[in-house]
Number of protein chains: 2
Amino acid sequence: MIAAQLFQPDALELQEFLREQLLEPGRWLQIGGEMEVVYVGRAASTADAGDYLLMLKPDRTLQIHAAKGIKPLNWQPQVDSLELLEDDGRVVLVAERARPQEIVRVAFLETAFALALTARDEGGLVLHGSEAEMQRSLAAHPELIEVGLELLDVELPVGVGGVDLYARDQHGRIVVVELKRGRATHEAVHQLERYVNRIRDTVADEVRGILAAPEVTAPARTRLEELGLEFCEVTALPELDDERDAQPGLFAGRDEDDHSAR
Amino acid sequence: MIAAQLFQPDALELQEFLREQLLEPGRWLQIGGEMEVVYVGRAASTADAGDYLLMLKPDRTLQIHAAKGIKPLNWQPQVDSLELLEDDGRVVLVAERARPQEIVRVAFLETAFALALTARDEGGLVLHGSEAEMQRSLAAHPELIEVGLELLDVELPVGVGGVDLYARDQHGRIVVVELKRGRATHEAVHQLERYVNRIRDTVADEVRGILAAPEVTAPARTRLEELGLEFCEVTALPELDDERDAQPGLFAGRDEDDHSAR
DNA sequence: GTTTCGATATCGGTT
DNA sequence: AACCGATGTCGAAAC
């Protein structure tokens, strides 16, 4: 995994290292030390000299981390052009992105280490519990929302955006379902309201709106009731402990559902 | 900056390294190599064995990066408990978070390197061009939105959320301004609509709504016009080139504004 | 502690 | 290329 390494390099050594490694395709660079970082683009920022860690991945994404936080201090989601300069005896890296026009400029004051790595293709990440998965499960088992519910469509386009689940209840009324994988806020209610109003105006006079989520905030619940809309508790993940029977079958046929949904 | 380093360690050496370094406060750990990562919490994920980079910062945030993307493959914004285990001859790190209850489990298959760093306190980051800064500037110079506009309030609470700028125009009409630092979408229009309706219901019959942003999407603009709301072009950052005169004074008195706003 | 909103959001899908 | 919505969003401020 390590293709090249360098410790406590001076400016000249670092420059040589970078000049060489930046030309190698697929390199994953990590440089730790004292740096100054300036960003100008959608916004602009300046970081005083400090101990940071620069990471330049093979896909030309750049991030500079400080000792705190999940998020980097500065970053560049796509580096289109990379320049290596010298300024006042310091090595300077300028990473530019064309659209939006943005620049991250890193000046290396004192470098503790520089690593050039090679990484094999990553093994795929499989994520469960996304809203998309929830949608597939509920589309295959609409009775988990309400007995007698008959699915008519998923992601039905209505003005801007799409209705998560579009269905008909046992009394023949149109039902609009808005899904949230986490606690639903007033924004979700607002989204549901928008869809219900649109369907009411264009399709049927009587339309029910259901917000389906594991939880709902108090203000959202209040607003729901004011609007005559409903809430239905559904979980995005099967229970982690022995309580799997609490929501029987929600994910029982997931693999099959995945296929049937495509 | 480097407190300890280890290359191509076997399981025993890695375990000893971690046991030692995890007890040291303030350590910034980086481990590169082949790992398997499992996450269970709000959602759940599994990453097949692959070359990843684990970073555990002194503030007990954890992230595991793959070779692609700004965002980590897996992460933990706050590690409340950290456990070092052994499973089938492999070193395993389990990082747990209490609320929400979440676990990230990393199994080290083959480690290329492990670094323990110490980092001085970071120099502060100064960011310009945030919506908050925009708000301060426009609050100090409401004439940049419209001649004769008189500011009444900022972040005026109205039901849920707050009105960015609350003002009165030269004809005495109430004006609600919604700010966006980037291109405004239909969501911003919706937010504005909600505020305008609320003010209309509770304060004055005639209320104007202005969406102030550098740009607006076409659908959002259409929706704005349907609702009888207005758009005003304002920029979040002063121009980067010589065209600073294009928006004279927007940030001219920024420092003073900052003080007066506090 | 809960809720809300901003973010250089990033990221992926669809039109 | 623009637009839209989800995200294990994260993070901070207001309440």
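Computed from a predicted structure; not experimentally measured. All values below were derived from every heavy atom in this structure, side-chain atoms included, with hydrogens, water molecules and symmetry-related copies excluded. In what follows, chains carry the letters A, B, and so on, assigned in the order in which the sequence lines appear, proteins first and then strands, with residues in each chain numbered from 1.
Between Glu187(B) and Arg194(A), at least one side-chain nitrogen of the basic residue sits less than 4.0 Å from a carboxylate oxygen of the acidic one, meeting the salt-bridge criterion. Looking at Arg181(B) and Glu133(B), no side-chain N of the basic residue comes within less than 4.0 Å of a carboxylate O on the acidic one, giving no salt bridge.
Only the C1' atoms considered, dT7(D) is 15 Å distant from dG6(C), to the nearest whole Å. Rounded to whole Å, the C1' atom of dA7(C) lies 14 Å from the corresponding atom of dC11(C).
Contact between the side-chain N/O atoms of Trp75(B) and the OP1/OP2 oxygens of dC10(D) is found at a separation under 4.0 Å. Checking the phosphate oxygens (OP1, OP2) of dC5(C), no side-chain nitrogen or oxygen of Arg181(B) falls inside 4.0 Å.
Judged by distance alone with a 3.5 Å cut-off, no donor-acceptor contact links the side chain of Glu131(B) to the base of dG6(C). At a cut-off of 3.5 angstrom, the base of dG8(D) holds at least one donor-acceptor pair with the side chain of Gln76(B).
The main-chain N or O of Ile70(A) is found under 3.5 Å from a side-chain atom of Gln63(B) such that the two form a donor-acceptor pair. At distances below 3.5 Å, not a single donor-acceptor pair connects side-chain atoms of Glu178(B) with backbone N or O atoms of Val189(B). In this structure a side-chain-to-backbone donor-acceptor pair under 3.5 Å is present from Gln76(B) to Ala95(B). Judged purely by atom type and a 3.5 angstrom limit, Gln135(A) uses its side chain to pair as donor or acceptor with the backbone of Asp164(A). No side-chain donor-acceptor contact under 3.5 Å links Lys180(B) to the backbone of Glu215(B).
Using a 4.0 Å heavy-atom distance criterion, Pro77(B) is classed as a base contact. Nucleic acid contact class of Glu187(B) (heavy atoms, under 4.0 Å, all strands): none. Contact annotation for Arg97(B): base contact, defined as any heavy-atom pair under 4.0 Å involving a base atom. Within 4.0 Å of Ser45(B), counting heavy atoms only, lies no atom of the nucleic acid at all. At the heavy-atom level, Glu178(B) lies under 4.0 Å from the strands shown only through sugar-phosphate atoms.
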Would you tabulate the pairs of protein nitrogen or oxygen atoms and nucleotide nitrogen or oxygen atoms of nucleotides 13-15 of chain C closer than 3.5 angstrom?
none

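Sorted by residue number, the members of residues 211-226 of chain A with any non-hydrogen atom under 4.0 Å from DNA chain C read Thr217(A), Ala218(A), Pro219(A). Near DNA chain C, defined here as any heavy-atom distance below 4.0 Å, the residues from residues 61-71 of chain B are Gly69(B), Ile70(B), Lys71(B), listed numerically.
Along DNA chain C, the nucleotide nearest Arg183(A) and the nucleotide nearest Leu125(B) are compared for position; the residue whose nucleotide lies closer to the 5' end is Arg183(A). Heavy-atom distances to DNA chain D give each of Pro157(B) and Gly161(A) a nearest nucleotide, and the one nearer the 5′ end belongs to Gly161(A).
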